[in-house]
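Inspection log for the structure reproduced underneath, given as structure tokens.
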Amino acid sequence: MIQKYTYGTPFETDAIVTSIPASEGTPAYGTISTENGFSFTYDMDDNDVVYGLGESNRGINKRGYVYESNCSDQPNHTEDKISLYGAHNFLVISGKQTFGLFVDYPGKLKFDIGYTLSSQIKITCEDADLYLYVIEGETPYDIVKQFRKIIGRSYIPPKFAFGFGQSRWGYTTADDFRKAADGYRKNNIPIDMVYMDIDYMEDYKDFTVNQENFPDFEAYVNEMKEKGIHLVPIIDAGVKVEAGYDVYEEGVEKNYFCKREDGSDFVSAVWPGWTHFPDVLNADARAWFGQKYERLISKGIDGFWNDMNEPAMFCTPEGVAELKEYIKDNFMDKEEAPGFTLGDKVNALANNPEDYKRFYHNVNGQKIRHDKVHNLFGYNMTRAAGEAFEKIAPGKRFLMFSRSSYVGMHRYGGIWMGDNKSWWSHILLNLKMLPSLNMCGFLYTGADLGGFGADTTRDLVLRWLALGVFTPLMRNHSALGTREQEAYQFENIEDFRHVIGVRYRLVPYLYSEYMKAALNDDMMFRPLAFDYTDDAFATQVEDQLLLGNEIMIAPVYTQNAKGRYVYLPEEMMFVKFLPDGTISQEILEKGHHYVEVALNEVPLFIRKGKAIPVADVAQTVKDIDPATIRMIGYEGAEYDRYDDDGVSTL
């Protein structure tokens with residue numbers, strides 16, 4: 001059962017697509033106060049578990065820390081970070097009382113989940129203008145399914161998007177992208193996509209291509225497609241301020257950019273220098289910006305990734321002027337040093353909260369200050385693209401994922417988990433985000449395998465790939481200035497060929513389970529406790545996940561480990577894809593086990609009485625031969641495999 005409570009005058013986020021009548025009175029759970037903003041307080045039982053919050057830090061069980069829904073350009077995902085790129089205000093409390101909450105509020109929202117008081121949840125925000133949805137159900141899984149029904153069907157990508165992709169910030173020329181593609185093809189390592197980061201553009205201008213580096217971009221796109229490679233360019237939120245740049249000039253002429261309070265176009269520095277932000281909360285501006293994707297689609301592009309759309313800001317003219325004044329007052333002609341580090345003041349220019357209060361959106365003729373609806377920008381930038389795709393190429397699926405998001409964006413694209421690091425701890429963080437994101441509708445997701453920032457190592461890449469084999473978005477991505485981490489850069493390339501090859505062997509299963517989850521408003525990745533509801537130990541397991549209805553995954557995520565301990569809540573078949581192409585299968589009894597997993601092996605566990613389809617390795621998704629599919633798992637088990645043309649919308 002779902003009940004909807006209205007407080008004040010909520011902003012319509014379009015997160016919910018089902019019409020739910022408002023309930024009278026107060027929720028059956030917790031205490032509500034609207035005296036100073038909004039607060040929801042609930043006293044937890046000692047054994048209560050809290051799930052959800054989508055793309056957020058720390059564990060699957062969110063209890064014991066504080067989190068903020070405040071879409072943030074935050075590349076350092078250390079344990080003390082309370083905000084990341086997404087704002088996903090859905091959680092489930094499981095225990096003495098089991099219920100779900102969705103707080104439909106587009107501004108900054110704080111979740112104190114046993115942080116200030118270990119027994120208390122307190123949800124607070126500045127304005128008491130929101131919808132609160134309270135969902136009752138028998139189990140957390142039941143509650144999630146109800147929530148998924150009211151937020152709409154998850155985005156469905158083209159089938160090629162289930163292949164492996166290579167990306168690096170720093171690929172600039174046609175030869176750079178060609179070299180990456182050829183490095184995989186020459187070494188017979190499967191690959192379907194090469195991603196184009198910001199350097200493919202002309203001066204970082206959206207919807208442009210550097211003509212010097214790509215004199216005939218359409219021909220180049222076709223050249224890569226002949227090799228089985230889809231090029232996937234990035235699109236950033238900021239539009240460069242430059243006379244003669246038609247996107248800029250059109251946006252100014254039609255008033256499609258976000259405004260300062262005085263009505264002038266808001267200015268912020270991002271990669272191109274000074275930029276304007278398209279007002280994607282304005283329906284007309286959103287349609288205008290979305291239509292611009294056609295410029296690259298007309299050249300043969302069929303996939304994009306949206307970035308910098310929190311929106312990220314390096315600085316504003318106002319912030320720079322304030323810094324100059326501060327330096328003048330505190331440094332110039334002063335004999336004594338001030339009591340602060342100048343570097344801190346300079347760093348504070350980026351993503352300054354005061355700058356988010358300096359610009360406005362035009363929503364149905366009403367001027368809305370950005371910080372009040374901050375978490376909707378990335379969502380609506382991706383929505384702009386998704387809505388445009390339906391008009392540009394009706395009936396065709398496009399690859400689309402974003403950095404920033406809010407519940408509702410899951411209908412238009414997936415997300416990647418942002419600028420992580422080449423740290424072992426981030427393999428585990430990658431794993432823990434998967435079920436939380438699925439709960440909020442985000443099925444097409446994955447992390448930068450091998451790590452984006454910092455220098456990676458061969459063993460870290462292999463272990464992370466062995467998790468990435470299972471994530472719908474499987475992409476190796478690294479930052480400018482870091483160690484090159486394409487699979488062919490390391491010794492014993494055959495190990496990488498094998499691990500990535502396992503992904504292609506599993507595509508018939510992974511695609512099928514993804515589509516079942518999308519079409520049935522279900523989860524693809526689940527905590528063990530969602531299925532094994534009477535198993536107290538399963539609730540404590542945070543480094544293993546159920547994937548679909550047939551398998552459990554348990555990646556190795558520690559340096560120099562020869563294997564790992566696993567907990568089996570029932571008898572399962574331990575499967576390893578071995579480097580010689582064979583598959584080992586061993587039945588293990590319910591309980592605790594230590595399993596050995598070499599660097600060049602991919603493990604999974606098949607649940608009792610189940611089986612999964614496995615194909616032969618192919619170099620691209622479209623080359624997977626259905627005639628080679630065979631079943632592995634328990635003898636006599638059947639599997640209902642979903643398949644389609646992988647291109648047509650559903």
Side-chain angles (χ1 to χ4, degrees), residues 13 15 29-30 38-42 44 48-72 74 77-95 98-116 120-125 130-135 140-141 143-144 146-148 151 310 374-376 378-379 403-410 414-418 428-443 445 447 523 525-527 529-530 539 542 545:
T13 67
Y29 308 95
F38 173 88
S39 71
F40 170 92
T41 306
Y42 177 75
M44 293 184 286
D48 282 357
V49 176
V50 181
Y51 299 103
L53 298 186
E55 185 185 31
S56 56
N57 213 343
R58 298 202 170 207
I60 292 175
N61 182 356
K62 297 301 177 187
R63 188 165 182 167
Y65 203 56
V66 61
Y67 310 86
E68 273 188 358
S69 282
N70 184 36
C71 296
S72 301
Q74 177 50 261
H77 305 169
T78 48
E79 286 190 27
D80 60 328
K81 297 301 185 293
I82 62 175
S83 298
L84 297 177
Y85 304 100
H88 308 131
N89 307 335
F90 174 62
L91 52 79
V92 177
I93 295 91
S94 175
T98 298
F99 62 98
L101 296 173
F102 175 54
V103 187
D104 194 3
Y105 178 79
K108 183 188 294 186
L109 188 64
K110 183 177 180 180
F111 295 86
D112 184 331
I113 306 178
Y115 175 73
T116 301
Q120 188 180 87
I121 294 175
K122 191 161 189 176
I123 304 171
T124 55
C125 56
L130 55 87
Y131 295 114
L132 176 66
Y133 295 83
V134 180
I135 309 174
Y141 194 13
I143 289 168
V144 170
Q146 291 185 62
F147 179 62
R148 293 289 307 283
I151 62 176
E310 290 72 35
H374 171 71
N375 293 330
L376 301 182
Y379 159 22
R403 191 168 77 177
S404 179
S405 60
Y406 183 85
V407 172
M409 200 206 81
H410 70 285
I415 64 170
W416 91 102
M417 297 173 183
L428 187 56
L429 183 58
N430 178 178
L431 183 83
K432 290 180 178 182
M433 282 187 189
L434 290 167
S436 301
L437 283 166
N438 277 199
M439 289 173 68
C440 297
F442 293 93
L443 297 181
T445 185
M523 298 173 70
F525 295 95
R526 302 183 303 284
F530 274 34
T539 305
E542 295 223 344
L545 296 176

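Looking at His88 and Ser56, their side chains never come closer than 4.5 Å, going by heavy atoms from C-beta outward. With contacts defined as side-chain heavy-atom distances shorter than 4.5 Å, the pair Asn375/Leu109 does not qualify. Residues Leu84 and Met433 meet the side-chain proximity criterion, which asks for heavy atoms closer than 4.5 Å. Taking 4.5 Å as the limit, some side-chain heavy atom of Val50 sits within range of a side-chain heavy atom of Met44. Within the 4.5 Å cutoff, the side chain of Thr41 has no heavy atoms near those of the Ile121 side chain. Proximity of Ile113 to Val66: side-chain heavy atoms (C-beta onward) are nowhere separated by under 4.5 Å. The side-chain heavy atoms of Tyr105 and Phe38, taken from C-beta on, include no pair separated by under 4.5 Å. In this structure, the side chains of Val407 and Asn89 stay at 4.5 Å or more apart for every pair of heavy atoms.
Classified by interplanar angle (parallel below 30°, tilted 30° to 60°, perpendicular above 60°), the ring pair Tyr42/Phe99 is perpendicular.
From Trp416, atom CH2 reaches atom OG1 of Thr445 across 10.5 Å, with rounding to the nearest 0.5 Å. Taking OG1 of Thr78 as the start and NZ of Lys81 as the end, the distance is 3.0 Å to the nearest 0.5 Å. Atom CZ of Phe102 is separated from atom CG of Leu132 by 10.0 Å, given to the nearest 0.5 angstrom. The CZ atom of Arg526 sits 9.5 Å away from atom CG of Leu545, with the distance rounded to the nearest 0.5 Å. From Ile60, atom CD1 reaches atom NZ of Lys62 across 8.0 Å, with rounding to the nearest 0.5 Å. Note: Ile82 CD1 to Ser72 OG = 8.5 Å, rounded to the nearest 0.5 Å.
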Working for side-chain hydrogen bond (donor to acceptor under 3.5 Å, both in side chains), residues His410 and Ser405: CA-CA 8 Å; His410 70 285; Ser405 60; over 6 Å; no

Evaluation steps, side chain to side chain contact (heavy atoms under 4.5 Å, CB included), between Thr13 and Leu376: CA-CA 7 Å; Thr13 67; Leu376 301 182; 4.0 Å; yes

Residues Lys432, Glu542; criterion side chain to side chain contact (heavy atoms under 4.5 Å, CB included); working and verdict: CA-CA 7 Å; Lys432 290 180 178 182; Glu542 295 223 344; 3.7 Å; yes

Derivation of the side chain to side chain contact (heavy atoms under 4.5 Å, CB included) call for Leu101 and Val134: CA-CA 5 Å; Leu101 296 173; Val134 180; 3.9 Å; yes

Residues Phe90, Met439; criterion side chain to side chain contact (heavy atoms under 4.5 Å, CB included); working and verdict: CA-CA 8 Å; Phe90 174 62; Met439 289 173 68; 3.9 Å; yes

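Of all heavy-atom pairs spanning Phe111 and Ser69, the tightest one is CE1-OG, 3.7 Å. Nearest heavy atoms, Asp48 versus Arg63: O-NH1, 2.9 Å. Heavy-atom minimum distance, Arg148 versus Met523: NH1-N, 3.9 Å. Of all non-hydrogen atoms in Ile151 and Cys440, the two that sit nearest each other are CD1-O, 3.6 Å. Taking all atoms of both residues into account, the shortest heavy-atom contact from Gly95 to Thr98 is N-OG1, 3.3 Å. For the residue pair Met417 and Leu434, the shortest heavy atom distance occurs at CE-CD2, 3.8 Å.
Inspection of the Asp104 and Tyr406 side chains reveals an N or O donor paired with an N or O acceptor under 3.5 Å.
Counting heavy atoms of neighbouring residues, nucleotides and ligands inside a 6.0 Å radius, atom OH of Tyr29 exceeds 12 of them. The 12-atom threshold is not exceeded at NZ of Lys122, counting heavy atoms of other residues, nucleotides or ligands nearer than 6.0 Å.
For Glu68, there are no salt bridge (charged side-chain N to carboxylate O under 4.0 Å, His left out) partners two or more places apart in sequence or in a different chain. The ring-ring contact (aromatic ring centres under 6.0 Å, His included) test applied to Tyr67 returns Tyr65, not counting sequence neighbours. In this view, Ser404 and Cys71, Asn309, Glu310 satisfy the side-chain contact (heavy atoms from CB on, under 4.5 Å) rule, not counting sequence neighbours.
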